[in-house]
K.L.:
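Below is a structure I'd like to ask you about.
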Amino acid sequence: MPAIINEPQDINELMFRAQAIAGFNLQQIAALHQLSVPDDLRKQKGWIGQLLELHLGATAGSKPIQDFPALGVELKTIPINAQGKPLETTFVCVAPLTGNHGVTWQTCSVANKLKQVLWIPVLGERDIPVAERIVGSPLLWQPDEIENMQLQEDWEELMDMIALGQVEQITAHHGKYLQLRPKAANNKIRTKAYGSEGEIIQVRPRGFYLKKAFTHQLLKKHFNI
DNA sequence: ACTTGATCATTT
DNA sequence: AAATGATCAAGT
């Protein structure tokens, strides 16, 4: 297996690379790139995602675009247990809290990010050392009609509250499949949002996350488990 | 046992 | 400061 660093030219090439690492552990993949595996992820929470980006040839870095812009593919690693159940929610994107006039579900960044996702499950229970965690079979996914509706309903509820100046009333309980939670380096960080009178207030930045029920159902649908 | 709110590293 | 990659760990 080569230590690939170039960008895949088409989806077949991307999928071939992703399928080729299924069954290997993170130590083996890291070794191809002369990387050492951290003992735990407490100080490097995105390490697995970044390793897979490197191996598959993603070049977007931290630019606010898809991982493979030429292919229209977003890459997501997702930790699962042996039964295929997600162990964590999935971050989608930062939530825009101001200036959303005219933005609809069809044009929003959540729908755009989720148009086509390459899911790479990684067996990731916390008692398994990071180095020994096994990469699973990749899944190239596009939301079906039902999934699209599920996300749209939650998104509209959340965006209505944001537009009405109720962002501080939103908790992770809102939304059945898509939730809004803090997303920042710490809880002192602030960004602009609307208050209840339409004035600008300073709040913790928020992000959209897919709840485990949503990712679990989509993995089950495609892997029959 | 499980979820919510908090947090960490890095790049632009 | 805000985006990327997410998981941690306190609280319920």
Side-chain angles (χ1 to χ4, degrees), chain A residues 7 18 26 29-30 33 35-69 73-83 85-100 108-110 112-114 117-133 135-136 154 158 161 167-193 200-216:
Chain A
E7 196 174 353
L26 298 180
I29 297 166
H33 304 280
L35 291 174
S36 56
V37 182
D39 290 333
D40 60 65
L41 301 178
R42 277 181 298 182
K43 293 218 169 285
Q44 297 176 64
K45 298 181 180 182
W47 187 83
I48 297 175
Q50 288 161 347
L51 174 66
L52 276 274
E53 280 186 350
L54 173 67
H55 186 78
L56 297 175
T59 53
S62 64
K63 297 189 192 78
I65 54 174
Q66 288 164 313
D67 295 295
F68 300 95
V73 173
E74 173 73 13
L75 176 68
K76 292 281 178 204
T77 58
I78 183 167
I80 58 168
N81 67 13
Q83 287 70 244
K85 193 173 162 189
L87 297 169
E88 292 289 345
T89 57
T90 301
F91 173 70
V92 180
C93 59
V94 172
L97 302 180
T98 58
N100 291 304
C108 79
S109 50
V110 175
N112 187 54
K113 275 281 174 78
L114 298 181
V117 178
L118 177 58
W119 296 98
I120 303 199
V122 178
L123 276 173
E125 300 205 76
R126 289 192 201 177
D127 57 6
I128 306 174
V130 179
E132 296 171 24
R133 296 185 187 178
V135 177
D154 288 342
L158 294 166
M161 291 184 74
V167 65
E168 292 288 52
Q169 276 68 250
I170 299 174
T171 73
H173 298 287
H174 290 85
K176 186 159 186 201
Y177 298 103
L178 186 72
Q179 63 183 177
L180 196 75
R181 308 217 307 274
K183 166 66 174 172
N186 58 64
N187 75 348
K188 310 297 179 202
I189 305 287
R190 290 295 182 272
T191 191
K192 289 178 169 53
I200 295 291
I201 60 173
Q202 296 288 328
V203 302
R204 289 168 300 164
R206 314 300 167 100
F208 286 108
Y209 295 79
L210 298 176
K211 298 183 73 172
K212 288 193 266 182
F214 185 84
T215 47
H216 192 197

K.L.:
Using a 4.0 Å heavy-atom cut-off across all strands, classify A:Lys76 as base, sugar-phosphate, or nothing.
P.N.:
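It contacts sugar-phosphate atoms only.
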
K.L.:
Just to be sure I understand the rule, does A:Gly46 reach a base, reach only the sugar-phosphate, or reach nothing, if contact means heavy atoms closer than 4.0 Å?
P.N.:
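Base contact - A:Gly46 has a heavy atom under 4.0 Å of at least one base atom.
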
K.L.:
Take atom CZ of A:Phe91 and atom P of B:dT7, then tell me their distance rounded to the nearest Å.
P.N.:
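After rounding, the reported distance stands at 17 Å.
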
K.L.:
Rounding to a whole Å, what distance do you find between A:Lys63:NZ and B:dT10:C1'?
P.N.:
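In whole Å, B:dT10 C1' lies 13 Å from A:Lys63 NZ.
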
K.L.:
Check the distance between B:dT4's C1' and A:Leu210's CG and give it to me in whole angstrom.
P.N.:
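The answer, rounded to whole Å, is 16 Å.
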
K.L.:
Using whole Å, what does the distance between atom P of nucleotide B:dT12 and atom CD of A:Gln50 come to?
P.N.:
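It is 12 Å, rounded to the nearest whole Å.
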
K.L.:
Do A:Lys45 side-chain and B:dT7 base share a donor-acceptor contact under 3.5 Å?
P.N.:
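Such a pair is found, so the answer is yes.
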
K.L.:
Just call it for A:Lys113: base, sugar-phosphate, or nothing, with non-hydrogen atoms closer than 4.0 Å on any strand.
P.N.:
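Sugar-phosphate, backbone atoms only, no base.
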
K.L.:
Rounded to the nearest angstrom, tell me the gap between atom CG in A:Asn186 and atom P in B:dA9.
P.N.:
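Rounding to the nearest Å, CG of A:Asn186 and P of B:dA9 are 12 Å apart.
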
K.L.:
More than 12 foreign heavy atoms under 6.0 Å from CG of A:Asn186: is that the case here?
P.N.:
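Counting other residues, nucleotides and ligands, CG of A:Asn186 exceeds 12 neighbours.
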
K.L.:
Given B:dT7, is OP1 or OP2 found less than 4.0 Å from the side-chain N or O atoms of A:Asn187?
P.N.:
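For B:dT7, OP1 or OP2 has a side-chain N or O of A:Asn187 closer than 4.0 Å.
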
K.L.:
Atom OG1 of A:Thr191 and atom CD1 of A:Ile201: how far apart are they, to the nearest 0.5 Å?
P.N.:
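One gets 11.0 Å once the value is rounded to the nearest 0.5 Å.
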
K.L.:
NA contact type, A:Thr89, heavy-atom cut-off 4.0 Å: base, sugar-phosphate, or nothing?
P.N.:
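Since a base atom lies under 4.0 Å of A:Thr89, the category is base.
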
K.L.:
With nearest nucleotide decided by heavy atoms, which residue, A:Pro79 or A:Val94, maps closer to the 5′ end of DNA chain C?
P.N.:
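With A:Pro79 and A:Val94 compared, the 5'-side residue is A:Val94.
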
K.L.:
What contact category does A:Asp40 fall into here, base, sugar-phosphate, or nothing, at under 4.0 angstrom with non-hydrogen atoms?
P.N.:
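No contact at all - A:Asp40 keeps every heavy atom at 4.0 Å or more from the nucleic acid.
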
K.L.:
What I want to find out is whether A:Lys85 reaches A:Glu125 closely enough, with some N-O distance under 4.0 Å, to be called a salt bridge.
P.N.:
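Salt bridge flag = no for A:Glu125 with A:Lys85.
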
K.L.:
Provide the start and end nucleotides, 5' to 3', of the part of DNA chain C that has atoms under 4.0 Å from heavy atoms of chain A.
P.N.:
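The contact span of chain A on DNA chain C goes from C:dA2 to C:dA9.
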
K.L.:
Could you check whether A:Arg206 gets within reach of a base, just the sugar-phosphate, or nothing at all, counting any heavy atom under 4.0 Å?
P.N.:
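Counting heavy atoms under 4.0 Å across all strands, no contact is made by A:Arg206.
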
K.L.:
Without decimals, in angstroms, what is the distance between A:Ile189 CD1 and B:dA9 C1'?
P.N.:
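The distance from CD1 of A:Ile189 to C1' of B:dA9 comes to 14 Å, rounded to the nearest Å.
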
K.L.:
Could you check whether A:Arg42 gets within reach of a base, just the sugar-phosphate, or nothing at all, counting any heavy atom under 4.0 Å?
P.N.:
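The residue A:Arg42 makes sugar-phosphate contact but no base contact.
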
K.L.:
Taking atom P of B:dT3 as reference, at what distance in whole Å does atom CZ of A:Phe214 sit?
P.N.:
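It works out to 17 Å between those atoms.
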
K.L.:
Select base, sugar-phosphate, or nothing to describe what A:Gln66 touches, counting heavy atoms under 4.0 Å on all strands.
P.N.:
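Nothing, no heavy atom under 4.0 Å.
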
K.L.:
Nearest 0.5 angstrom please: A:Leu123 CG to A:Ile80 CD1, how far?
P.N.:
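Output value for this atom pair is 5.0 Å.
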
K.L.:
On the nucleotide B:dT3, are OP1 or OP2 found under 4.0 Å from the side-chain N or O atoms that A:Lys211 carries?
P.N.:
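For B:dT3, OP1/OP2 do not have a side-chain N/O of A:Lys211 under 4.0 Å.
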
K.L.:
Rounded at 0.5 Å granularity, tell me how far CZ in A:Arg204 sits from CG in A:Leu97.
P.N.:
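So the gap between those two atoms works out to 11.0 Å.
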
K.L.:
Got more than 12 heavy atoms from elsewhere within 6.0 Å of CZ, A:Arg42?
P.N.:
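No, because the 6.0 Å sphere around CZ of A:Arg42 holds 12 heavy atoms or fewer from other groups.
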
K.L.:
Could you please name the option among B:dA9, B:dT4, B:dG5 that lies closest to any side-chain atom of A:Gln179?
P.N.:
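Within the option list, the nearest is B:dT4.
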
K.L.:
Only one of A:Arg126, A:Lys211, A:Lys45 forms a salt bridge (charged side-chain N to carboxylate O under 4.0 Å, His left out) with A:Glu88, so which one is it?
P.N.:
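For A:Glu88, the salt bridge (charged side-chain N to carboxylate O under 4.0 Å, His left out) check succeeds only for A:Arg126.
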
K.L.:
At less than 4.0 Å, is any side-chain N or O atom of A:His173 found next to OP1 or OP2 of B:dT3? Yes or no.
P.N.:
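The answer is no; no side-chain N or O of A:His173 sits under 4.0 Å from OP1 or OP2.
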
K.L.:
Give, for atom CH2 of A:Trp47 and atom CG of A:Leu41, the distance between the pair rounded to the nearest 0.5 Å.
P.N.:
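Going from CH2 on A:Trp47 over to CG on A:Leu41, the span is 8.0 Å.
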
K.L.:
Mind calculating the distance between CD (A:Glu53) and P (B:dT11) to the nearest angstrom?
P.N.:
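Distance check: A:Glu53 CD to B:dT11 P gives 12 Å.
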
K.L.:
Please tell me which of A:Gln44 and A:Leu87 maps to the more 5' nucleotide of DNA chain B, matching each residue to the nucleotide holding its nearest heavy atom.
P.N.:
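Per heavy-atom nearest nucleotide, the more 5' residue is A:Leu87.
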
K.L.:
Select from A:Ile78 and A:Pro64 the residue whose nearest nucleotide in DNA chain C is closer to the 5' end of that strand.
P.N.:
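So the residue in question is A:Pro64.
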
K.L.:
Got a second to check how far A:Gln66's CD is from A:Leu75's CG, nearest 0.5 Å?
P.N.:
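Rounded to the nearest 0.5 Å, the CD-CG separation comes out at 11.5 Å.
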
